[in-house]
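For reference, the structure discussed in these notes is given below.
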Amino acid sequence: MPRLKFLFILFLTLIFAVSCSDSNRIYHFNFHKKWHWTDLEKNAGDPRTRQEIRQLKELLSIDDARFLLREISELHNPAQIKNLYGIQHLQKKLGGDFYGVIPDQLDTADTIPVPDNFGSLIRSALFLAQKRAGTLAAIEKTPYPLNFKNGDFPEMEAVQSPASMKLELDLSGMEALLKVFQKDTVQFEEAMRIAGLPVFTEMLKHRRNLGYIPEPIANEESLARFIQYSVSRKPLAMIWKWMNPWNYFNLADISLNLEKYEKTINSLQKHKQQIENEVMGRIALFAPDSIQFQEQFGIGVNWGIRGWAAEKTSGMNIVYFKDDYSRMLQTITHEIYHRLQLREYPVDDSLKEKSPRTFEDLYAYRFPGKKDRRFYQTLTLIYLEGSASYVGGIDSSRNVVQHAAEGMNLLNEIYRQIYVKNDFDAAERLENQGLRSNGPFYDLGYFMTEKIVAAGGTKKMGNLLRRGSMEFFMEYNKFLNAASNDTIPEILYPKGSLVKKLEDLYGLFRRN
């Protein structure tokens with residue numbers, strides 16, 4: 001047995017040596033050793049390469065530079081570097097596009113320098129490092145966190161949720177995913193088993209049901225492919241993951257920060273009961289009295305969406321939080337409150353027996369006129385998202401009043417497009433603008449909820465949950481009528497024609 005072990009180690013050593021020797025022959029440099037910047041400059045044969053090494057040094061830490069140059073040097077054929085463009089194309093084809101949120105990472109395959117000697121390898125690395133720097137700068141302008149806080153789970157007061165309200169935090173999807181990242185490769189069948197777990201199937205359903213994500217939209221097979229590619233430790237896959245944490249449907253972030261994500265999931269598992277009690281204790285404050293409510297909440301991964309509430313369950317995208325436990329609790333509470341809304345919100349008589357309900361059911365009220373039906377959708381979404389944001393809580397640094405004012409402007413414009421211009425497509429675009437990426441409609445609904453709670457207490461929201469969005473807007477108008485002009489910015493008062501329409505819809509809703 002010792003002899004077999006010795007032979008196996010010798011075999012791996014020879015393979016590694018061959019790889020290194022190939023790299024040495026092409027580049028006359030060993031990128032597998034712990035080199036320093038001065039070593040690179042000494043090996044440079046011309047002033048241009050030395051200048052490009054200095055540029056690379058300005059962009060990358062020594063660890064990142066060692067990683068990138070080593071991975072490029074391990075390509076079996078230097079021309080393979082151009083296949084990065086093919087990976088980008090395939091990623092889009094599978095539903096992993098960024099839809100203009102950030103620019104494409106690569107314009108064409110021809111622009112990528114082929115690393116067929118030492119100078120062109122440095123040039124290729126500099127090209128990729130510049131692309132990565134531009135991508136990360138664009139991501140920094142979004143709510144996506146690039147770094148972990150590296151802190152411990154915060155101390156929290158012991159909260160006991162009501163016996164009639166139970167939450168189960170489901171970590172099984174992330175635990176299965178993290179387990180396969182311990183491997184060098186994963187078979188498609190195993191990746192499909194993970195993609196078929198409830199947390200991921202519900203996430204994908206939510207993604208398809210949003211209505212504003214362009215085709216192609218990722219499905220279970222797409223997710224399985226992304227898992228396969230992100231687990232791979234082949235040079236091109238490693239370079240692609242390094243270039244952007246959003247690559248491979250955000251699984252690149254998991255791959256490159258594996259130990260930190262493992263620590264986070266272990267911490268959530270350790271404090272699971274505490275989280276469950278905290279969330280349900282908060283929701284109980286805003287729920288109708290004497291309610292029986294049990295829910296499951298999953299932790300998963302996808303691109304571009306922080307949380308979801310689908311037909312069977314709700315969930316959260318871990319990469320948008322990393323180890324920010326306070327924001328996690330806010331989102332879990334927000335999404336679980338959505339689940340309560342699905343159950344308690346009043347729907348049209350034709351949908352009362354439908355199970356399970358969808359969010360489309362909540363705003364599909366059969367007013368006689370098409371315009372009223374369309375406008376009711378917008379009003380209901382503002383109520384649903386805004387009240388859930390208030391119950392869950394939002395970042396204290398967010399300027400709610402400013403964004404709420406933007407939301408009120410959008411609402412007035414949607415009213416105009418529907419009732420004056422008869423332009424339903426324009427109304428749809430404006431509604432998407434108000435909702436996308438926690439847009440200003442969240443803040444408008446939050447602001448309205450805050451004022452209603454201040455006037456009537458948390459149980460007022462529990463009652464409104466069973467009375468619908470029209471009652472919610474009427475309660476806000478009551479507050480405005482009682483408030484002085486110094487209390488509320490004028491911009492947050494709905495305009496006269498809009499107020500009249502709200503009153504008319506409220507009357508129709510009550511009569512029906």
Just so I know, are the side chains of [X] and [Y] near enough to count as touching, which here means a heavy-atom distance under 4.5 Å?
X	Y	result
K82	Y85	no
F359	H338	yes
E220	F200	no
L40	T49	no
E406	L410	no
E431	L435	yes
I254	L178	yes
N257	V319	no

How many angstroms lie between atom [atom1] of [X] and atom [atom2] of [Y], to the nearest 0.5 angstrom?
X	Y	atom1	atom2	answer
M174	N266	CE	CG	11.0 Å
Q296	L167	CD	CG	9.0 Å
K179	L177	NZ	CG	12.5 Å
H32	L69	NE2	CG	11.5 Å

Do NZ/NE/NH1/NH2 and the carboxylate oxygens of [X] and [Y] come within less than 4.0 Å?
X	Y	value
R54	E41	yes
D323	K149	no
D184	K234	no
E428	R374	yes
R48	E52	yes
D63	R66	yes
R398	D443	yes
D107	K131	yes
D104	K92	yes

Is the ring pair [X]/[Y] parallel, tilted or perpendicular, if the boundaries are 30 and 60 degrees?
X	Y	value
Y442	H334	parallel
F29	F118	tilted
Y27	F31	perpendicular
Y261	F148	perpendicular
W246	W303	perpendicular
Y229	Y248	tilted

Contact summary for [X] and [Y], nearest pair of heavy atoms:
X	Y	result
K183	V231	O-CG1, 3.6 Å
P113	I81	O-CG2, 3.6 Å
I283	I336	CD1-CG2, 3.2 Å
A125	L68	O-CD2, 3.5 Å
I414	L430	CG1-CB, 3.6 Å
Q88	Q105	OE1-N, 3.2 Å

Can you find a side-chain donor-acceptor pair between [X] and [Y] that sits under 3.5 Å?
X	Y	value
N43	D39	no
R132	N244	no
W242	E71	no
Q91	N247	yes
D110	T108	no

Would a distance-only check, ignoring hydrogens and angles, find a side-chain to backbone donor-acceptor pair under 3.5 Å from [X] to [Y]?
X	Y	answer
Q341	L384	yes
T331	M328	no
R50	G45	no
K322	P145	yes
K241	S230	yes
Q80	H76	yes
S124	V114	no
D361	R357	no
N250	P245	yes
Q228	V186	yes

(message) For D170 and I299: C-alpha separation, side-chain torsions, deciding distance, then whether side-chain contact (heavy atoms from CB on, under 4.5 Å) applies.
(response) CA-CA 7 Å; D170 179 15; I299 308 291; over 6 Å; no

(message) Which residue in the set Y345, Y365, Y383 passes side-chain hydrogen bond (donor to acceptor under 3.5 Å, both in side chains) when paired with S469?
(response) Y345

(message) Using ring pair (Phe, Tyr, Trp, His ring centres under 6.0 Å), reason through Y363 and Y376 one step at a time and then give a plain yes or no.
(response) CA-CA 7 Å; Y363 54 71; Y376 180 74; 8.2 Å; no

(message) Tell me if the aromatic rings of Y320 and Y144 count as close, with their centers under 6.0 Å from one another.
(response) yes

(message) Check for me whether the distance between the ring centres of H403 and Y446 falls short of 6.0 Å.
(response) no

(request) Show your reasoning for whether side-chain contact (heavy atoms from CB on, under 4.5 Å) applies to N317 and W308. (result) CA-CA 8 Å; N317 186 0; W308 56 89; 4.1 Å; yes

(message) More than 12 heavy atoms of other residues, nucleotides or ligands under 6.0 Å from CD of Q187: yes or no?
(response) no

(message) Please check if the number of heavy atoms outside Q182 that lie under 6.0 Å from its CD is greater than 12.
(response) yes

(request) For the pair E202 and K312, evaluate salt bridge (charged side-chain N to carboxylate O under 4.0 Å, His left out) and give the outcome as yes or no after the intermediate values. (result) CA-CA 7 Å; E202 289 294 289; K312 296 179 181 178; 5.2 Å; no

(request) I would like to know whether F321 and R306 meet side-chain contact (heavy atoms from CB on, under 4.5 Å); could you show each step before the answer? (result) CA-CA 8 Å; F321 302 87; R306 289 196 310 175; 4.2 Å; yes

(request) Walk me through it: do I102 and T135 pass the test side-chain contact (heavy atoms from CB on, under 4.5 Å)? (result) CA-CA 7 Å; I102 61 172; T135 296; 3.9 Å; yes

